[in-house]
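As structure tokens, the structure follows; a few thoughts come after it.
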Amino acid sequence: MQGFTTRPYPPTPPPTYRHLLAATSLTPYNPLRVIAHCDIDAAYAQFEAVRLGIPDDQPLITIQWDTIIAVNYPARKYGIKRTSNQGAKEARELCPHVVIAHTATYRMGEEESGYWEDANVLTHKVSLDPYRRESAKIIAIFKEMVPKGEVEKASIDEAYMDFTPMVLDKLLELHPHLATIPDDAPEGLDTPLPPAPPIDWTKAGNVIPVGGGENGVDGETEGEVEKPTWEDWALCLGAEIMAGVRQEVWKQLHYTCSAGIAHNKAMAKICSSWRKPMNQTVLRHAAVSSFLHDKAFTDIRNLGGKLGHSIAAVFEAATVGELVKVPLEEMQRRFGEESIWVYNLIRGIDHTDLVPRHVNKTMLASKNLIPPVRAPKDGEHWIDLLAGELCVRLREAREIEPGLWPKTIVLTHRSGRGYENAGRSRQAPFPYTKALTGEYVAKLGKRMWTQVVAGWIAGTLLISQLGLQFTGVGRMEEGQRNIEGFLGVKGENSTILLEKNGESSRPKRSLSEVISVPDDDASGWTCPKCRKVLPLPDGLAEDELEKELAGIRQEHEDYHFALALQQGGDEAVQVAPPKKRKKEKDKGIAAFFVPKPKKP
DNA sequence: TGATCACAC
DNA sequence: GGGTGTGATCA
């Protein structure tokens, strides 16, 4: 690599005065953009450690029933992991003095969650509320420390931050000469910035070397002297801000976190996990290709699912290094025009915008029912509990942001004994009421429950999972509250729900009708792709039948998957198991979840 | 808008 | 794996 060692690949336009000075510069295309990703190390374990006042070096795991959901770093040294074959017992065998903390739970018939000794999967429901509260505190610190930037809460324990506005300010403060466009600048605002002075990285954390990577060779020792760039300056200043943010989280809450600082979300995210815990890492543009080279490309955000695995199969590639060899045309031939998005992503390019957000848009309280509910009344009891929890959560959210109200309430449910069946759901409007109570929520939930129950032949009911969810949670429109609260649609007697959801409860139907999911009928299941009818065996109990259906369908979809892989010719190939997603003609990447690149 | 699916932690 | 989240797609 001669010459452009600082910007070897991919080529990006050099930053100009416009990128630094113009009000319109705050776009995902600004080369000076600085995005950070931050997540709490083993969050649930740290939350419990702090709650219990346990020393930082004490091994601790957080469990949910007998499943380990978090392992702190001291405990990881003993080989304790979050795997399906390890429970509390195995953890204790590996480390006899490990502290085992169970999540809080709700107890049937009680208002609030707590850390009960007798928490039991049969009678209690896990409560993540305490963790949500910690999460809110952390986000509050982020927002406070990033007043000019944006904060996107990505999950309960991670967030993205856009430091660009603060970084640009700082850049101008440190280099005031950049504020003035030289008189002889050939292209005015669009003149590239003058050469950047050397950078002091000492307060930035880890800096991924160019040409190196985690596996060893340090490119900088190999005779490649890097010229500092303003992009690197921006990252360095962003890293210093991030260090301050992390320090503040530690100071106020005693949580350690890890962070990545880069020019976009995907790169910030992937480098935040470098040398965890309690660390932060800067990924400069020039270091991207070598950093990614040996990584599994499925480690990159959004490539970890079906799409990524299909790509791996089609191109017989596992690492980024292998996948970048695939020319754009070939990728697009196989995965459609849109796949340029993937092509860019594995080259470290991601123009995804942050979504400024601090409150959730949905709230879900759900419970795996053990044993499955067979009596409608039992379902009602669980709904009472779920409704109580949702009510608490909505109230708390409204304390932080007054006026929040959900648009709809959803009852989710699953039949069968495990996950063999897809979940179903019913929803209804959630009318405004001044008196938000668990009973109010439960009433609406039970109404939908009645409909669910009505879909089953008497005595055959078998529900293994129930959930109650608010969706469309947001500030209520001015008019909305007036109309519904004032003039009184008054939830209590609202009939909207019954009308919407099909003449209230449907009349009892025959078994075959009851089972009818979108794709099947009594005699079999029709594949939406090839129209082939796969017969279902007769004489099975209802839950057995559903299980059978799921199995047949999965098998047939696998067949399509294999077929598509095999063909792989001129035609674009549907490389994913063809869910009954789109129409026949749609075979490209559009069949997957693809964040659309946004134009500025 | 309702229901389902994909992807993520 | 359980309990939660977000966003896309399609009738």
Side-chain angles (χ1 to χ4, degrees), chain A residues 37 39-40 42-44 62-70 81-87 102-106 121 124-129 131-132 135 152-159 265 269 273 298-310 338 352 355 357 359-370 386 389-390 393 407-414 418-419 421-429 448 451 464-473 496-497 499-502 517-519 528 557 576-583 586 589-596:
Chain A
H37 174 265
D39 70 8
I40 308 299
Y44 291 178
T62 300
I63 61 170
Q64 173 177 289
W65 313 131
D66 195 39
T67 304
I68 299 173
I69 56 173
K81 290 187 185 119
R82 268 178 60 187
T83 66
S84 50
N85 51 21
Q86 238 182 253
H102 195 283
T103 62
T105 53
Y106 280 96
V121 68
H124 293 56
K125 182 204 168 298
V126 164
S127 165
L128 301 180
D129 293 356
Y131 306 153
R132 291 191 189 95
S135 177
E152 173 183 340
K153 179 183 173 187
S155 79
I156 197 162
D157 70 342
E158 59 186 312
K265 287 171 78 175
K269 163 103 194 190
S273 57
T298 48
D299 287 350
I300 300 176
R301 193 175 75 117
N302 283 323
L303 296 183
K306 291 188 175 187
L307 170 60
H309 291 288
S310 301
E338 296 245 43
T352 315
V355 184
R357 177 177 46 221
V359 287
N360 290 342
K361 292 203 239 181
T362 63
M363 296 178 186
L364 168 65
S366 88
K367 165 75 185 160
N368 260 17
L369 303 171
I370 307 168
L386 299 174
E389 177 178 346
L390 273 192
R393 280 163 62 180
K407 285 198 167 56
T408 54
I409 180 170
V410 185
L411 182 73
T412 68
H413 56 99
R414 187 189 301 271
Y419 283 83
N421 296 328
R424 309 271 185 86
S425 68
R426 280 174 181 271
Q427 60 182 302
M448 293 184 284
Q451 299 178 346
S464 55
Q465 181 267 337
L466 262 185
L468 209 51
Q469 182 177 26
F470 287 142
T471 68
V473 182
I496 297 169
L497 173 126
E499 287 163 10
K500 280 268 179 190
N501 268 341
V517 287
D519 285 323
E557 285 170 350
K579 296 291 181 197
K580 41 147 196 188
R581 298 239 100 199
K582 285 200 124 187
K583 288 172 196 150
D586 232 325
I589 203 172
F592 303 98
F593 161 59
V594 179
K596 284 183 184 145

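Throughout, protein chains are lettered first and strands after them, A, B, ... in sequence-line order, and every chain is numbered starting at 1. Worth knowing before you read on, the calculation uses all heavy atoms, side chains too, and leaves out hydrogens, waters and symmetry mates.
At the heavy-atom level, A:K269 lies under 4.0 Å from the strands shown only through sugar-phosphate atoms. Across all strands shown, A:D157 has heavy atoms under 4.0 Å from sugar-phosphate atoms exclusively, and none from any base. Looking at heavy-atom distances under 4.0 Å, A:L303 makes contact with sugar-phosphate atoms alone, never a base. Across all strands shown, A:A365 has heavy atoms under 4.0 Å from sugar-phosphate atoms exclusively, and none from any base. Residue contacts shown for A:I156 are absent, as no nucleic acid heavy atom lies under 4.0 Å away. Nucleic acid contact class of A:S155 (heavy atoms, under 4.0 Å, all strands): sugar-phosphate only. When heavy atoms are screened at a 4.0 angstrom cut-off, A:Q465 is found touching no nucleic acid atom at all. Nucleic acid contact class of A:E389 (heavy atoms, under 4.0 Å, all strands): sugar-phosphate only.
At a cut-off of 3.5 angstrom, the base of C:dG1 holds at least one donor-acceptor pair with the side chain of A:R82.
Checking C:dT6, B:dT4, C:dG3 against the side-chain heavy atoms of A:N368 singles out C:dG3 as nearest. Comparing C:dT4, C:dG2, C:dG5 by their nearest atom to the side chain of A:Y419 picks out C:dG2.
In this structure, the side chain of A:K367 engages the main chain of A:H124 through a donor-acceptor pair within 3.5 Å.
Taking for each of A:N360 and A:V121 the nucleotide of DNA chain C with the nearest heavy atom, the 5'-most of the two is the partner of A:V121.
Contacts of A:Y44 classified as side-chain hydrogen bond (donor to acceptor under 3.5 Å, both in side chains), with partners at least two apart in sequence or in another chain: none. Judged as a side-chain hydrogen bond (donor to acceptor under 3.5 Å, both in side chains), and not counting sequence neighbours, A:S135 has no contacts.
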